[in-house]
Number of protein chains: 2
Amino acid sequence: MEQLYKQLQLENQLCFSIYATSREITKVYKPLLDKLGVTYPQYLALLVLWEHETLSVKKMGELLYLDSGTLTPMLKRMQDQELVIRQRSHEDERVVFISLTEKGKKLRDKACHIPEEVFSMTNKSQGELEKLKETLQGLLQLLHTYNQK
Amino acid sequence: MEQLYKQLQLENQLCFSIYATSREITKVYKPLLDKLGVTYPQYLALLVLWEHETLSVKKMGELLYLDSGTLTPMLKRMQDQELVIRQRSHEDERVVFISLTEKGKKLRDKACHIPEEVFSMTNKSQGELEKLKETLQGLLQLLHTYNQK
DNA sequence: CACTATTTAATTGTGTATAATTAAATAAAA
DNA sequence: TTTTATTTAATTATACACAATTAAATAGTG
């Protein structure tokens, strides 16, 4: 039982180190994103829209691993800020397409320097962070596949 | 500019791989924690209480990297479920001590097998996950120190 | 001792997250 | 072609997260 209890120590939880690190990362981004007037999840939404121009809510959810319960209200807030436009498809009335306004497109140039700023504060090598990212992407795929079943 | 735009691709964001992985991990824990009747953040709170028996809200926040705006309502819900007891210190009336009820203590034995169950589904080696954990703990410390300034 | 600063939780307001349900539309099958 | 199943967003309810403020208590200073 001692051994089993030891497995329950916070110190030994990989899950916690990921969970806490994720939240600390959000805090690092906060002052940078405040300048753009967006939150961290909204920034992620912008990343995929800058890459794809127009996306359905479903496709955005697949890319960001988020569902409509999260995306719908978030995208409505972004529409209120005039960052995105939401419009139903004519071919299939169930589908809602999200696209960027001019204001949303312009934010890209203000965001350009953010990755570099965040990287520089870590004092880690590019290679080390790259490797960590790939390890996590592998784990992410594995867990996501498992959760789909 | 092309190079700068490339840095904004979702695929290149370490932050996103951590963010998304963290949420997928929570989903893996969900069915296991449902059996105990707790959420994932509540499970983390139980982990530190199983280790420390009694903790102030402040100390719990330090251990879990959470503030009172998150902990206070969560601990009240856990009190409603009769998992914890909240009582103010006599020496310092500002301090609230959290301790486990018998029911809360007993959950430990039901939780014992969870780490093993989660580990087994990953198909990763113990060493690989251990190394990932240590890398993230280092990053967590670094970011947390930065965010404190 | 009075006054100020600090510490600690609680509260408030906003913004995610996710499970579960609903509703509308399309596609597939009998 | 009616019926059935599936797909897609939206909605609802619950539970975090965190910034900012408040309030109470303690500690420190002159």
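Just so we're on the same page: letters track the sequence lines, and every chain starts at 1. If you're wondering where the values come from, they're calculated on a predicted model, not measured in any experiment.
L55(A) has its CG atom 15 Å from the C1' atom of dA9(D), to the nearest Å. Per the geometry, CG belonging to L66(A) stands 19 Å off P belonging to dC16(D), to the nearest Å. Per the geometry, CZ belonging to F97(A) stands 9 Å off P belonging to dA9(D), to the nearest Å. Between the P atom of dA15(D) and the CG atom of L33(B) lies a distance of 14 Å, rounded to the nearest Å. In this structure, D34(B) atom CG and dA15(D) atom P are separated by 12 Å, rounded to whole Å. Rounded to an integer number of Å, the gap from D92(A) CG to dA10(D) P is 12 Å. One can place CZ of R94(B) at 5 Å from C1' of dA25(D), the figure rounded to the nearest angstrom. Rounded to whole Å, the distance from CZ on R77(B) to P on dT14(D) is 11 Å.
Candidate nucleotides dC16(D), dA9(C), dA19(D) were compared by shortest atom distance to the side chain of M74(B), and dC16(D) ranks first. Taking the side chain of E93(B) as heavy atoms from C-beta on, and the options dA9(D), dT26(D), dT18(C), the nearest nucleotide is dT26(D). Checked against dA19(D), dA9(C), dA17(D), the side chain of D67(B) finds its nearest nucleotide in dA19(D).
Heavy atoms of K59(B) sit nowhere under 4.0 angstrom from any nucleic acid atom. Residue S68(B) is classed as a base contact, given a heavy-atom separation below 4.0 Å to a base. Among the heavy atoms of the strands lying under 4.0 Å from T39(A) are primed sugar atoms or P, OP1, OP2 only; no base atom is included.
For dA9(D), one of the phosphate oxygens OP1 or OP2 lies less than 4.0 angstrom from a side-chain nitrogen or oxygen of S56(A). Of the side-chain N and O atoms in K30(B), none sit less than 4.0 angstrom from OP1 or OP2 of dA15(D). At the phosphate of dT11(C), OP1 or OP2 sits under 4.0 Å from a side-chain N or O atom of K76(B). Side-chain N/O atoms of R23(A) include none lying less than 4.0 angstrom from OP1 or OP2 on dC16(D). In this structure, R86(B) reaches the dA10(C) phosphate: one of its side-chain N or O atoms is under 4.0 Å from OP1 or OP2. At dA10(D), one or more side-chain N or O atoms of T72(A) fall inside 4.0 Å of OP1 or OP2 (strictly under the cut-off).
The nearest pair of heavy atoms linking L10(A) to E51(B) is N-OE2, 2.9 Å.
When ring centroids are compared, Y19(A) and Y40(B) come within the 6.0 Å threshold.
Below 30°, between 30° and 60°, or above 60°: for W50(B) and Y43(B) the angle between ring planes is above 60°, a perpendicular geometry.
Under 3.5 Å, the side chains of Y29(B) and D34(B) contain no donor-acceptor pair of N or O atoms.
When each of L71(A), T54(A), V57(A) is paired with I98(A), the side chain to side chain contact (heavy atoms under 4.5 Å, CB included) condition holds for V57(A) and for no other. Put simply, the residue from L83(A), L46(A), I114(A) that forms a side chain to side chain contact (heavy atoms under 4.5 Å, CB included) with L36(A) is I114(A).
Along DNA chain D, the nucleotide nearest K58(A) and the nucleotide nearest G69(A) are compared for position; the residue whose nucleotide lies closer to the 5' end is K58(A). Nearer the 5' end of DNA chain C, as judged by each residue's closest nucleotide, is the contact made by P73(B), out of P73(B) and H90(A).
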